[in-house]
Amino acid sequence: MRPAFSVIFLTTLTGAGQGLFLALVAGQFYWVIGATPVLEAANFYVLGSLLAFCFLGIGLLSSFFHLAHPERAWRSAAAWRTSWLSREVIALPLVMGLLLAYGGVHWLGWRPVLMTFGNMKDLDLPMAVGYLGAGAAILLFVCTGMIYACMKFIQEWASPLTVLNFTLMGSASGFVFVTAYAGVMASPLWDFYAAGALILTVSALLGRLASLLRNRILKPKSSLQSAIGVRHRNLRQISRGFTAGSFNLKEFFHPGSPGLLPFLTGFYLIAAFAAPILLMAIGWRYQSAIFFALAFVIQYAGLIVERWMFFAEARHPQNLYYQKAA
Amino acid sequence: MTDTYAKQLALVIDLNTCVGCQACVTSCKSWNTSGWAGPMTDDNPYDADPAGIFFNRVQTYEAGVFPRTETIHFPKSCLHCEDPPCVPVCPTKASYKRQEDGIVLVDYDKCIGCKYCSWACPYGAREFDESEGVMKKCTLCVDRIYDADLPEAERKPACVLACPAGARLFGDISDPDSEVSIAIREEGGYQLMPEWAAKPSNHYLPRRKSRRVIHADELVRADNPLRKEGPLPKPDEKAPSLDDVTSW
Ligand code: SF4
Ligand code: SF4
Ligand code: SF4
């Protein structure tokens, strides 16, 4: 498939934004369960929510560049019963709205207790909104992943690994960012976030390696024989029917040369995973936020290449029909 | 989707008859660029790197090893699948399948140009119109086949009317007595890429060899009582000839 930069930026930026939202909520939860005695300053969440909102907002903006008729984008919520794309279109503003609400109640310092549990712990409004937001963020990860995973004949995508990897990579990116942010803000949650960022980046690496391996051993279900229904062992295309260009030639083939692909795979394995893991280990050891900031930037560049490769790796069965001009 | 449709209109294309003349390609473009689905725009039509939209493409394949090869011309357009994977994924419901005749269409006024439906078609049957920013595809000439102003015999898709070889049949495959259903049933009609269970409505009739077997005794006259070639002697005027035809 041809990688579209609008979609690459959409998925990587919203991924980081959702990951950041999840990290904020996880940090608050960490304090609520009593794992850290120091209460995080409210403005940590306010500013954090704002940053996450920006990630999602720029991602959303970038998605409009994918549409030929952005002025009709409001129509795209219509098919939420059947289309994961439609569901994503609903989930994304939902996450953004909950982010605003989450940042807002922290900003206002509005913490009415909603209920008290048997262990005398309270559920207050900011935490409750946080739970809702975290749920929505995970839902959005599922929607985004399923847009690709539900295409059963694009076999490279049709796997639960697609959803898992979108979730893990987005969360990792958000956690790496929040650790750098927590360092700058001198947050008591620093160690918690650093551990989370490392664990998530390593998990994302394992998930991506699993999908790389899966793609390597994947057997295409369609062949030229099934495409035209002629059962002959020795069958080839002589002409695709035209010598000019067409949508079919543009949309479903990637522009990279065969030699470029392994290079890019190596690049993102290092930039998105190996290098950030190393930088974060150093940064954690020396308690230095700058290493996490650097890790975030390098990882983001790596994730862009990873997403490019996610498209380039996918082989669409329609390509069987478009192999030779004459 | 388990919807049932009142009818399922479709094409049945006989690969044994198609000669790859491309008449169906040009007649399709000519009709549709000026009709309901048009224009079917071209980019740089008279320049370097031309590109453009077609609803129907005729491709050529070859089977076997030279010199024992066989050429197969293969027309491909939207197959109007009974369970079309392209329809449920469309976020705006611009892509839809008509209840009354099973034709899969795009509402150009609703389409946002996200191209997601084209990803969901395993056959590459949808083509995006860059100039208009909407997805396009074969309409089975929905603006012709019901046109009461046309003579009955012309209420067929443009490609079917144009085919000089008669390789394209059009009809309702849900009616077991229709011409298309009989052809599918009796001539071994099949679907493309059955592995994805989209249940394409368009069917293809396979290549088949028509051989004439001539036995040695057919090369010499069996009704030659004199075992001698040449003009037969004139029989008696009243006598019946061997083949009941007088040679007078
Ligand atoms: S051939 Fe493709 S575009 Fe046509 S109905 Fe089937 S899946 Fe949809
Ligand atoms: S390109 Fe148009 S018809 Fe296709 S999925 Fe998007 S909105 Fe629907
Ligand atoms: S017009 Fe008929 S014979 Fe010519 S390419 Fe089309 S189907 Fe084949």
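In what follows, every heavy atom counts, from backbone to side chain, and hydrogens, waters and symmetry copies are set aside. We name chains A, B, ... by the order of the sequence lines, and we start the count at 1 in each one. From a predicted model like this one, the values you see are computed outputs, not experimental measurements.
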Quiz item: Between A:Phe166 and A:Arg307, is there a cation-pi geometry (under 6.0 Å to ring centre, at most 45° from the normal)?
Solution: yes
Quiz prompt | Under 4.5 Å from a heavy atom of chain A, the part of B:Ile53 involved | solution = neither
Self-check item: Which atoms of B:Thr69 approach chain A - backbone, side chain, both or neither, heavy atom under 4.5 Å
Solution: side chain
Practice problem: Kindly assign one of parallel, tilted or perpendicular to the pair A:Phe5 and A:Phe9, based on the angle between their ring planes and the thresholds 30° and 60°. | Solution: tilted
Quiz item: If you look at every heavy atom in B:Arg144 and B:Pro157, which pair is closest and at what distance?
Solution: CD-C, 4.3 Å
Quiz item: A:Gln225 versus chain B, heavy atoms under 4.5 Å apart: side chain, backbone, both or neither?
Solution: neither
Exercise. With a 4.5 angstrom heavy-atom cut-off, could you sort out which part of B:Pro85 is near chain A: side chain, backbone, both or neither?
Key: side chain
Self-check item: chain B interface, residue from A:Ile154, A:Ile147, A:Val89 that has the most non-hydrogen pairs under 4.5 Å
Solution: A:Ile147
Exercise. Please flag which part of A:Lys324 lies under 4.5 Å from any non-hydrogen atom of chain B: side chain, backbone, both or neither.
Key: neither
Self-check item: Close approach to chain A in residues 6-27 of chain B, criterion heavy atom under 4.5 Å
Solution: B:Leu15, B:Gln22
Exercise. Counting only heavy atoms closer than 4.5 Å, note whether A:His66 contacts chain B via side chain, backbone, both or neither.
Key: both
Quiz item: When heavy-atom pairs shorter than 4.5 Å are enumerated against chain B, which of A:His232, A:Arg236, A:His316 gives the highest number?
Solution: A:Arg236
Practice problem: Could you tell me the separation between the CZ atom of A:Phe310 and the CG atom of A:Leu303, rounded to the nearest 0.5 Å? | Solution: 13.0 Å
Quiz prompt | Closest heavy-atom pair and its distance - B:Tyr61, A:Leu320 | solution = OH-O, 4.4 Å
Quiz prompt | Portion of A:Leu249 that has a non-hydrogen atom of chain B nearer than 4.5 angstrom | solution = neither
Quiz item: Are the charged groups of A:Arg216 and A:Glu156 less than 4.0 angstrom apart, N to O?
Solution: no
Quiz item: Got a second to check how far A:Leu13's CG is from A:Ile304's CD1, nearest 0.5 Å?
Solution: 7.5 Å
Quiz item: Any idea which of A:Val230, A:Asn319, A:Asn234 has the most non-hydrogen atom pairs under 4.5 angstrom with chain B?
Solution: A:Asn234
Quiz item: Have B:Ser95 and B:Arg126 got a donor and an acceptor in their side chains that come within less than 3.5 Å?
Solution: yes
Quiz item: Non-hydrogen atoms of chain A under 4.5 Å away: do they reach the side chain of B:Phe74, the backbone, both or neither?
Solution: side chain
Exercise. State, with a plain yes or no, whether a side-chain heavy atom of A:Asn215 is found less than 4.5 Å away from one of A:Trp157.
Key: no
Quiz item: Where do B:Trp36 and B:Leu105 land on the side-chain contact (heavy atoms from CB on, under 4.5 Å) test, with the steps shown first?
Solution: CA-CA 11 Å; B:Trp36 177 87; B:Leu105 290 177; 4.2 Å; yes
Practice problem: Compute whether any side-chain donor of one residue and acceptor of the other, for B:Ser174 and B:Tyr5, lie under 3.5 angstrom apart. | Solution: no
Quiz item: Got a second to check how far A:Leu85's CG is from A:Trp80's CH2, nearest 0.5 Å?
Solution: 15.5 Å
Exercise. Can you tell which part of A:Ala73 gets under 4.5 Å to a heavy atom of chain B, answering side chain, backbone, both or neither?
Key: backbone
Self-check item: Ion pair check, B:Glu127 and B:Lys115, cut-off under 4.0 Å
Solution: no
Quiz item: Is chain A contacted by the side chain of B:Val89, its backbone, both, or neither, given a heavy-atom distance below 4.5 Å?
Solution: both
Quiz item: Who wins among A:Ala314, A:Ala244, A:Ala68, A:Cys150 for the most heavy-atom pairs under 4.5 Å with chain B?
Solution: A:Ala68
Self-check item: Toward chain B, the part of A:Phe153 with a non-hydrogen atom under 4.5 Å
Solution: both
